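Structure first, then comments.
Just so it is clear, the model here is predicted, and its values are computed rather than measured. Both ligands and their constituent atoms are indexed starting at 1 by order of listing.
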Amino acid sequence: MDGDTDCDSLFGPETPEPAQAPLPPACAAADTGDDLAWLRTAPQPVAAVPGLVLWKQALLPEVLEPVLAAIDHAGWFRPADGINQAMRFGSLPRFLAPIELVGAQVIDPQLDGRDPLFDQMIANHYLPGEGLPPHVDLVHRFADGIVVATIAGTCTMVFAPVDPRAAADPVSVFLEPGDVVGMSGDVRWRWTHGIPATTHDEHGGVSVARSRRISTSAAAARETPLPAKTMFVLCAVIFCEPMSMTILFPFVYFMVRDFHLADDKDIGFFVGLIASSFSLAQFLTSIMWGWISDRIGRRPVLLVGLIGNSVTIVMFGLSRSLAWAVASRALCGLLNGNVGVAKSVLGEITDETNQARAFSLFGLMFSIGMIIGPMLGGFLAHPAETMPAVFGGVPLLRDNPYLLPCLVSSTVSICGFVFGALHMPETARHLGGYHAVRDEEIDIADNASDGGGGAAAPLQSDCAAQDTPAVRDSTATAGATPRTSASACAEHRAVPVGERRPDLLSRSSFNGMPLLSPQSSELHFFGSDRSGNQGVPTAAGSLGAGGMRASMHRAGSAGRALLRRSPRADAAGVAAPDAPRSRSCSVCSARPGGGSGSGDCRNIDIEIVSCSDGSGGDADSDDGEDEQSGAHVSSGSVLSIGWPAATAVSGYALLAFQNIIYDETFPLWAVAAPPDGLGFTSHSIGMCLSAMGVVTLFCQLVAYPWLARRVPPLVLYRATMPCYICIFTAFPLISTLLAARADLAPAKWACLLVLMAMRYTAGVTSFTSVMIMITNSAPRGKLGIVNGIGQTCAAFVRSVGPALGGMLWAWSSQSGLGFPLDSRFMFVLMGVLASVSSLHAWFVLPSTIGRVVAAGGAEHDMVPAH
Ligand SMILES: O=C(O)CCC(=O)C(=O)O
Ligand SMILES: [Fe+2]
């Protein structure tokens, strides 16, 4: 092991803005043990390691003392049980505030205004002899800067270049209580850092015995940018679906009338038939499309849907008979598995940092499609008559007065198709879709496994027992810290620091979990496996499940790249998609001299969501061989999607049902004369709905993404459901009040708009949250089918909802019966449905659902696999 580098060579000539003056050499101050050293210290760049800043004794003993007491009091560590690590995501505990403040200074004083300063923290507990292998904390997952604070104990941290060809020598830095290390820029990924597993450190020519050491490393997650091209195609898909569904609404009545059917009074029925044939066909085929997309990929299915959409909508525009119109709508629905598949793609290209934004955008595009569709249909029907100067001379449009809006809709689909065909990569990761890599990470991974036999050899030969695929898998996928232990695997110490070794990647995986607020108040405990050197999560159940899954799926891209090269990476504990719920996963590592028998494992009782993640299966699913062959996908019944996904989908169905009843009832109620309704004109309804467009826009673009950074989707969903009960049941109060007190008429607008705004806000919150929960709970390799089932439910609700709503309204408003069977019946019904949804949300949805996100996550720049 290298000794300390001379202070003079460690610290470069340039000194950042002095935080305190005067500034004698920090090393000297540290060495003297001078009580007042902190007064004279400041962050010092370590010249030999670009981006590394060391602030000796930045934290005063009197600051450290309460922090240490708080950590001890919180019981984060149980060394006797091997629990030597704690993670926290979201707002960090208040007692860490001094570390955050000092940390901001070492990274960038400008950070001071960031809120929160840091949103993830790993606390480490080391006994003498324990260390941390050289590793790279995942580069692109964090906003720049990782801050490591030593709270108790001493150690030597060794920084070594990742690239074996680099001329730079390893640099050792002695750390003692109060020292704060800031890493940003190069040191983050061109250098590894690690702590040799030893009982003594050389410092200033003296051998310093280690005692218990406690450190925290803090970082802030950075929102992953959404891949623009894929998002563009998705937006086209998502926009086209509602547009082609609604475009006919304004003219379909006249179209049917033009068919000159025997009896005009049947027109209403035939209109209903045409409108519902689309949803009905979608209802029948969405699961199939989802399933196909799981088998052959999302891209072909999306492209077929887009081309199908563009052809069939034109066919519809050319309709001359009822049969043709119904058939073309049905065909459109049949070929349109797109929305479900698009949701799967969204799940695969997002992670928890951008999921809320992406799904909000999804909702937004859908809403815009719903608005634009009828507008196009209304404005562009009969163009030869309404715009004779432009279209009067076009016989095709004269003979087919409903073709033009359909052509416009078709053009949007074709644009989506062409762009998608040219630019959209396959995203289904279990089919070898997106690879998670940035160039540097590929380099690291490549170096790690190919960087000469010597690189990986020491680990394999010397720590063979730990380096089974099982361990690798559990390390890389569980992302647990590979903590070295002097006794268990001395070879780890023996491997020269800075050498290319696969295990340096596992730390990347671990720290590559930029879990944001959804996990905010969760603490996750991990511990090192004492008999092996690979960190194994050791907390049984309770606190750990969400984090476990998180870590499994947050495994860094480098880790994945590594896994991909391991033919049996899947061996340990990657649950089959239909594995029983109780299965614990991924944490059973092979032990030296032992198998991976369950007796050996510190199993975390992770629900199946945790191990058989859907949206691509991410890190643990990167076992190319298995997946290429479709082994995961084919196992188990097609429809076995696991309990969490089933509950999420059923929640979605309930939600969609109550909302479609509302959508159907609202205009009927609004135009009905008081006391049954508000006596609005359709113009007033239009105004209300336009105002709600603004509310929706605001919620989807601003409010939801903001909220979702702070609150997990399940919590948002659970909070929203009871609100629905109040909102729905409050509507009829307005009409009742209005009937009783005509003088209050002006207030009705205010009441109505407030209520509607609440309902639309609840709509955005609940739908976006449930979509995220569905995506996050899908078993690996089955995201497509799960979304297909969700889409089927939506299509079913859409095909029966309007008719049912209309029928029930007609019946109740004319029933002549008393409350609740009078005109307020619909709202009572919605209240009851919302109560059922609330019970479902609170008592049926597993509390871990949606906590961890789409496996798609850990990627940054999505790079197509081919
Ligand atoms: O414990 C330390 O000082 C280092 C911790 C670290 O490198 C990490 O958490 O990534
Ligand atoms: Fe680290």
Out of all atoms in ligand 1, which are within 4.0 Å of some heavy atom of [X]? Include the element for each.
X: Asp137; answer: 10 (O)
X: Ile195; answer: 1 (O), 2 (C), 3 (O)
X: Asn124; answer: 1 (O), 5 (C), 9 (O)
X: Ser215; answer: 1 (O), 2 (C), 3 (O)
X: Tyr126; answer: 1 (O), 2 (C), 4 (C), 5 (C)
X: Met157; answer: 2 (C), 3 (O), 4 (C)
X: Val148; answer: 2 (C), 3 (O), 4 (C)
X: His193; answer: 7 (O), 10 (O)

If only atom types and distance count, is the side chain of [X] paired as donor or acceptor with the main-chain N or O of [Y] below 3.5 Å?
X: Asp186; Y: Pro50; answer: no
X: Glu100; Y: Phe118; answer: yes
X: Thr192; Y: Ala160; answer: yes
X: His193; Y: Met157; answer: no
X: Asp81; Y: Arg78; answer: no

Exercise. Which atom, among the N/O/S set of His135, is closest to the Fe ion (ligand 2)?
Worked result: NE2

Exercise. With under 30° as parallel and over 60° as perpendicular, where do the rings of His203 and Phe174 fit, or are they tilted in between?
Worked result: parallel

Problem set entry | Asp137 atom OD2 and His193 atom NE2 as seen from the Fe ion (ligand 2), angle to 10 degrees | 80°

Exercise. Just heavy atoms, cut-off under 4.0 Å: does Leu132 contact ligand 1 by side chain, backbone, both, or neither?
Worked result: side chain

Problem set entry | Pair Asp201 + Arg213: basic N to acidic O under 4.0 Å | no

Exercise. What distance separates Gln85 CD from Tyr126 OH, expressed to the nearest 0.5 Å?
Worked result: 7.5 Å

